[in-house]
Structures are given as C-alpha cells and as structure tokens.
Amino acid sequence: MKKLNKFLFLALSMVMALSLLTGCSKDSEDSQLTTDNTSVSAEIIELDLTSEEYAFGVDKNQPELLEKTNTFISEIKADGTFDEICNNYFGDGTPVAVKSAVYDPDKDQLVVATNAAFEPFEYMEGDSYYGIDMEIAARLADYLGMELVIQNMDFDAVCLSVGQHKCDIAMAGLTVKEDRKEYVDFSVSYYNAAQKLIVKSNDTSFDDCSSVEEIEAIINSKGSGIKIGVQNGTTGQIYCEGDEDWGFTGFPAETIGYKNGSLAVQDLLNDNIDYVIIDSAPATCITKAINEMQTDSANASFARKLEKFKEIFVEQDGYKMVLRGLKNTLLIAILGLIIGILIGTVIATIRVIPKYKVLPRILNAICSFYVGLFRGTPIVVQLLVFYYVALPILNAHMTGVQVAIWVFGLNSGAYISEIMRSGILSVDAGQMEAGRAVGLSFGTTMVKIVIPQAVKNILPTLGNEFIALIKETSVVSFVGAADLYVAFNYIGSNSYEFMVPYLVMAIIYIVLVLIISLGIKLMERSLRKSDRRN
Amino acid sequence: MIDVINLTKKFDDVDVLNGISVKIDKGDIICVIGPSGSGKSTFLRCLNCMEDPSGGQIIFNGVDIADTKVDINIHRRKMGMVFQHFNLFNNKTVIENIMLAPVHVQVKDMKRAKRKKLKDDPAYNTTKAEIIKNARENAMKLLERIGLADKADVYPSTLSGGQKQRVAIVRALAMNPDVILFDEPTSALDPEMVGEVLDLMKSLADEGMTMIIVTHEMGFAREVANKVLFIDEGLILESGAPEEFFSNPKHPRLKEFLSKVL
C-alpha cells in the first residue's frame, strides 16, 4: 500500500510538472494571435533597430600595437576564428576559460582593461574570465607573443585607464563613440551589435515595414498593453526602456527581462509575451533552433525534445555536468546542514543557560543578533553579500561552492538553533537536575543527556530543514557555484529547449527528497529504541 | 557533617526559607515533614545547591558550599539525590544510568592526574578501560542487590515506577556518597510499590548511610529516623527524636498537622 502511495505521488508530481511547463500556452488572452500553437514559429524582422560598432581602444602612445591589433582582427575574421569564438557564446560551442597572469612591470605583458560584467563579451566565473572579448584577448596576446594580464574595473574607468597609459588596450564591448576618441585610438570594428525584433510567424503587423521608424511607430501605437521580452542587461533592454545617454526614447510597452534570449523566445511562442528584442547574433541561432522544435504534432514535438535532450545529455557529456551539479548540490546541503547543526546546537545551548551571570547574558545577546540577522535577510542576499562584499574586504579567496557551504551553514544554523531550543525545552527539566545532582557539569549533562533526547524529538523537523536546504541550493548560481539547476540550465540553453531538462531536474529533486525522507525514517526508528512508542 | 546555619531562600520577592539552622551528623537519618508549600523540598534542594541559597551557610565536610565561588560539582559527587519523579536518564540503559557519573568523574580525574603528572595520585595509574570495567562490576553488584540484574540493558521506559526509583537510589549509591538526599521518593509511586522502595531505604539506613528524607510516610519516619524536623512557613518549628515528636507534639501547628495526616 505504501509503495502504491509513493508511486501515485511520483506520478502526480510528474503530471503537475508537465502541466506547469506546457499549460501556460493553453489560455491566451490575445485572440488575434491565438491559433494552433504547434504551427507557430518565431520570425526575425530583418531590420536593425539599433546599430553599434564594437572596437578595441588602444593606448595612444602605442601606434604599433594599434596596427598589429588591426591586422590581427582582419586575420581572425578571415580564417573563421572569430566565428568560432562567437559560436562558443551564441551557438552550441562551449565557452573557454581565460586566465590572467599577475601584473609584473618587468615582464613583457599585454595589459587589458575590461569590465567583466557584460556577458557574453566579458564576464567571470570563479577566477576565470569568459567572453568573446576575453577569448580574443587571449589569442591576441599569443599572436603578439606576450603574457596576458586582465585588469577588471568599472566600465567608466576602462577608457580612462588606457588614456592614462596604465593599460595597453581596452577590450570591453566598447561602442565606438566620439567622446571616447579623446582617450583611446579605436581599432577597426570587430562586431556589429544590432538589436533585432522577433515576432510570431502568424503576426503580420510588421510585414510591410521598410524602416525602423515604421516598426517603432507600430510598437508605440500598441500602447502599454503589450509585453516585450529582452535579455537582462543588454542593449535591447535599454532600447525598450529608454535611456537619454543612449538616445533611446523607449516604448510604453511592459519590458520583461529574461536570463537568456532563448527563454524569451520560448515564452513568445507560449503566448506570454508579444515581441522579443535581442542581439542579432544570438537571435539567429535561437530562432533557428527553436523553430526546428516546432513540428506539427505535439507528440512528435515532445519526442523531438526528448531526442535533443538525450543528444546533449549523453553524447555531449551533459550527464557529467549533471553529476557534478548533483555532487555540488549534495555537498552544499549536507555540509551546510552539519555546520548548521553545530552552530544551532551551540546557540540553543547558550540560550537555555540560566542568565544570572554577565557572560551568559552577553553571549545570549550575540546569539539573538545572529539569529535575527540570518533570519531577517533572504539567503540570496546573504550569498551576494558574503561573496561580493565580505570576501573582498577580508581579501580572502573562496570558490562559489565553498561560499555556498558556509552561507547555507550559517543560515540554517540560525533556524536550527530555534528548532534545537524547542527540542531542549521539550526534555523534562528533571533530566538536567538528575545530571547536575550526580556532580556532572551543565555542559556535560547537556551533551550526554539533554541534547541526545532533544535531537530525537526534533528529528522530523530537522529532516524538513534538510529537504528545504536541498531545494534552496538552487540559488547558488548567483555566486557562480554549479549546482543541479545550473547543470540543467546549461543543457537547456545549449539545446534551446527547456521542457525536458527542467522536467528531469524536477524528477531528480523529487527522488532526492524521497531518499532523504526514507533515511530520516530509518534514523528515527533506530533512535526510538529507548521509547515505548516503537 | 552538614552544618546548616541560618539558611534563607527567596524566589523573586517570595520568602520560602526564613532562616533554617540544623546540624546533621554522620549516620543520621533525618526525616523532614510539613504541609505542602512549607519549604521542605526547597530546604532539601538548597542542601546540594540545586537551588542557590539566598543567604546563610551550608558547611559540608568543612566547606561552605553555599558560597558561589565553590565548585559545587565536586561536592555534589558526595551528596546523592533521589527525586520524586526518579529522573532516570531516558536515553541510557539501566546500567548506563548507574555507570555514567562514576565513569565520567573518574576519567576526568585520571586525565587531570596525567596532565599534571601527579604520580602519587591513584588516578594516575588507571586506564579508561579499567575504570569502565570496575564501574560495570560495581553497577552489576548494585543491580543484584535490588534484584534487577536482568534489567541491566533495558531502557528506563520499560521499568515500573518502583523499579525506576530503586535504580535511581543505586545510581546515587554508585558515587559512594557521604549523604543521600531524598525528595519525596515514594510520592509518585503506586501504593503497592511504595514498600519495595522503603525497604531499600531501610537497608541503607541499617548500613549506616546518612540520609535526609522529605516524606509523607509518617510510619517510615517513626520507624527509621533518629530525628524528625517539622518545617512550616520556612522555619523549623519543632524537631526531635521520633518517639517524642509523634507521641507528644508541642507546637500547635505540628499538632494540627499530625491530626490531619495520622
């Protein structure tokens, strides 16, 4: 009977997950656009909404470097190296990590100024730099026979530092602008960053447009009732929301930010938004891949998605990422729980010490502050503050996983301390008295008598905490730790298809939680042997 | 052996003990009686500082243990205590309940002796295994004495109340205390189990153990005690040998009390 229950539960969860992922497409508000969903595909309107030339900014004192850089750019454009690099970010390639050497004025080094917060041109994961500019920088340094040093700074400081000859070259997705020419010599342009509009294929509103103005007029005429999907932090977002410095007036429509372009396009096809505006290079890759999935029958579509998932999962070593993600998820949850239990037990003990002396009162105040602090802020904020504020101030280096372990440990310590306190209070006061009466100290009685009984009482609640931890770990991608969620997200963005990866992820989480529940049940049973209740 | 001088105890603003002085000699069996709320349990709990006295002195083996600077844990080893609700350690088996404290304090002494290189201290030459072995042998002897050797490895939750209280008494005995404090040891027991506990206490009395017993068992007090104290409103109103105490009470409050309970 129990097995049947479990099976039913699993089956129900899967159905729920499925309906969540697909159900959104069923009830559309906009009747004009609603036709049979499977026949709709995404279409790019072939007009550049904006156009920016990206170039590198070279130190004005080094004309020979400018010359060599220009030669290098035309070479990598000619031999396909540039397309290969772009493919790592927009296509199905894998980004390559770029390492920076330590700055040493005595060595022959190429010092690159960048602002590593502009994916996909430059960004960081752990100690490594990634991005189109960074990979070009690595190859440029090779080409020049120099060692690469990357200096990460505010975007505003990038041009300035080259202008002051502190750095040799600015490689930071730099748009060619007149005012910047005061500080640097621009190389030839290597990338044309244009924003493109993507619509559903059955939306004919823009078919007769021949200029950007006409497109903008149509979008403006729709007013504030429509939604435009963009990729967070890109020019497309600024274009839609408007910005004086950039000369964009923006649209009255609601702008919806997505983690990446393919999620936006997927949502467009699900009828949740009306348009997508993203960079033209990713737009081409994404629409092509997603349109391939949109076959005429729903069953075939699912089979195709499954096939695509299998391909990435098995043949392209996706399972290795998933295993690594699983390992990190478990590592963070288990070590976090252990740290949490230790901290929680210490705090709970301090909080039940009789308080007629000064020291216990001070300790109690510190503990109250700690618990208030960690219960009063979201875990994501704690992760970000720990990683981006505390570590730089302390000048310490930790990987994302280590940071996550500590933050989750400290966080759950605050919660477990209250759980443990209720556990300690649930143990009859006579147990402590009996321990003290035979000459054991408060601490010894606590450790040998009270806490073991408290733990037995709170085991179901502790199990809850562990399950919550396992699931909450999905936020650690904020500090660059690769957990289960990151792994499946990677598979999703590489296949432009999120349904199967997310579904498999949901199932893995459910299985994990079921295993943990079983483990807790077994532990409870073995701890119950001193009870009559077995 | 215990000299209580002008002991007072306040809970917040409520005076519970108002100056109790009594002298307890080795081998004394002292029964403390009185109406509920009179302070007799508080008096007993002050003797081993389960409640910190608010004033006065408790001289035990020459040391004032009411002084908060004294390490009370050392002195409690020599002062066993038996509770109304037994308070056996629920997470330990019966024999573990008895062995826990002796093993813990002896191992602690051994470590201290080794750390300080006290070669003359007998604790210096023992090992943990030896301590555990001796404690187990001693615990088994105690269990045999109360006829519960077969229960050595069960948890307290499976014992009857009388069995629990007898285990609690031998748990106190395992520390070889100079005195045992009993806080209403039979009040929580079913009537048919009172006898077995009182019998055990009588046999301890016969062996010369010093005992201070808060009780409602007047018959037991009369038979076993060599001194009875009547406490009311935080004061000892009358004390004396049981014969005189019960047959010829002098204080009107004691007369009233005895007329109600006898």
Side-chain angles (χ1 to χ4, degrees), chain A residues 341 345 348-349 352-361 419-420 422-462 522-534, chain B residues 44-45 47-52 68 71-94 96-109 153-159 164 167-168 170-177 180-183 188:
Chain A
I341 289 176
T345 309
T349 307
V352 297
I353 294 178
K355 310 234 169 2
Y356 14 79
K357 292 195 184 140
V358 179
L359 183 66
R361 266 193 235 158
I419 298 174
M420 190 63 87
S422 71
I424 290 172
L425 294 177
S426 75
V427 176
D428 177 28
Q431 297 287 310
M432 173 57 80
E433 285 192 348
R436 299 307 307 274
V438 286
L440 303 180
S441 65
F442 176 87
T444 310
T445 315
M446 212 61 187
V447 170
K448 297 207 168 199
I449 307 298
V450 178
I451 288 176
Q453 294 183 49
V455 167
K456 191 182 73 184
N457 290 348
I458 61 170
L459 205 63
T461 326
L462 267 187
L522 291 176
M523 244 170 96
E524 243 179 282
R525 202 170 291 169
S526 81
L527 280 175
R528 276 266 175 90
K529 61 180 190 273
S530 62
D531 261 8
R532 269 179 161 172
R533 281 176 287 183
N534 47 9
Chain B
L44 193 78
R45 289 163 60 81
L47 288 181
N48 67 347
C49 298
M50 293 304 290
E51 306 289 353
D52 283 321
T68 49
D71 181 1
I72 188 66
N73 294 332
I74 304 272
H75 300 285
R76 278 183 184 150
R77 293 180 189 178
K78 291 291 155 201
M79 261 189 177
M81 189 168 199
V82 173
F83 300 86
Q84 182 179 355
H85 295 286
F86 334 127
N87 295 354
L88 292 179
F89 304 133
N90 293 327
N91 59 327
K92 303 280 177 193
T93 60
V94 166
E96 283 168 351
N97 260 279
I98 301 170
M99 289 165 62
L100 178 73
V103 169
H104 181 78
V105 299
Q106 285 175 49
V107 167
K108 215 166 145 189
D109 286 349
D153 293 317
V154 306
Y155 284 92
S157 59
T158 59
L159 299 182
K164 281 183 193 169
V167 172
V170 296
R171 176 174 71 179
L173 272 183
M175 293 294 284
N176 288 320
I180 301 183
L181 314 175
F182 291 83
D183 188 4

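Letters A, B, ... are given to chains in the order of the sequence lines, protein chains preceding strands, and every chain is numbered from 1. Quick note: numbers below take in every heavy atom, side chains included, and nothing from hydrogens, waters or symmetry partners.
Neither the backbone nor the side chain of B:D71 comes within less than 4.5 Å of any heavy atom of chain A. If you measure heavy-atom distances from B:F89 to chain A, the contacts under 4.5 Å come from both the backbone and the side chain.
B:N73 is not listed as a side-chain neighbour of A:T444, based on a closest heavy-atom distance of 4.5 Å or more.
Between chain A and the options B:H85, B:M175, B:H104, the largest number of non-hydrogen pairs under 4.5 Å is found for B:H104. Chosen from B:N48, B:I74, B:I72, B:L100, the residue pairing most often with chain A at heavy-atom distances under 4.5 Å is B:L100.
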- A:L440 and B:R76: side chain to side chain contact (heavy atoms under 4.5 Å, CB included), yes or no, with the steps? CA-CA 9 Å; A:L440 303 180; B:R76 278 183 184 150; over 6 Å; no
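Nearest heavy atom pair, residue A:A434 against residue B:R171, reads CB-NH2, 3.5 Å. Minimum interatomic distance between A:Q431 and B:L88 (heavy atoms only, all atoms of both residues): NE2-O, 2.8 Å.
A donor-acceptor pair under 3.5 Å links the side-chain atoms of B:N91 to the main chain of A:K448, judged by distance alone.
Remark: B:E51 CD to A:E433 CD distance equals 7.0 Å, nearest 0.5 Å.
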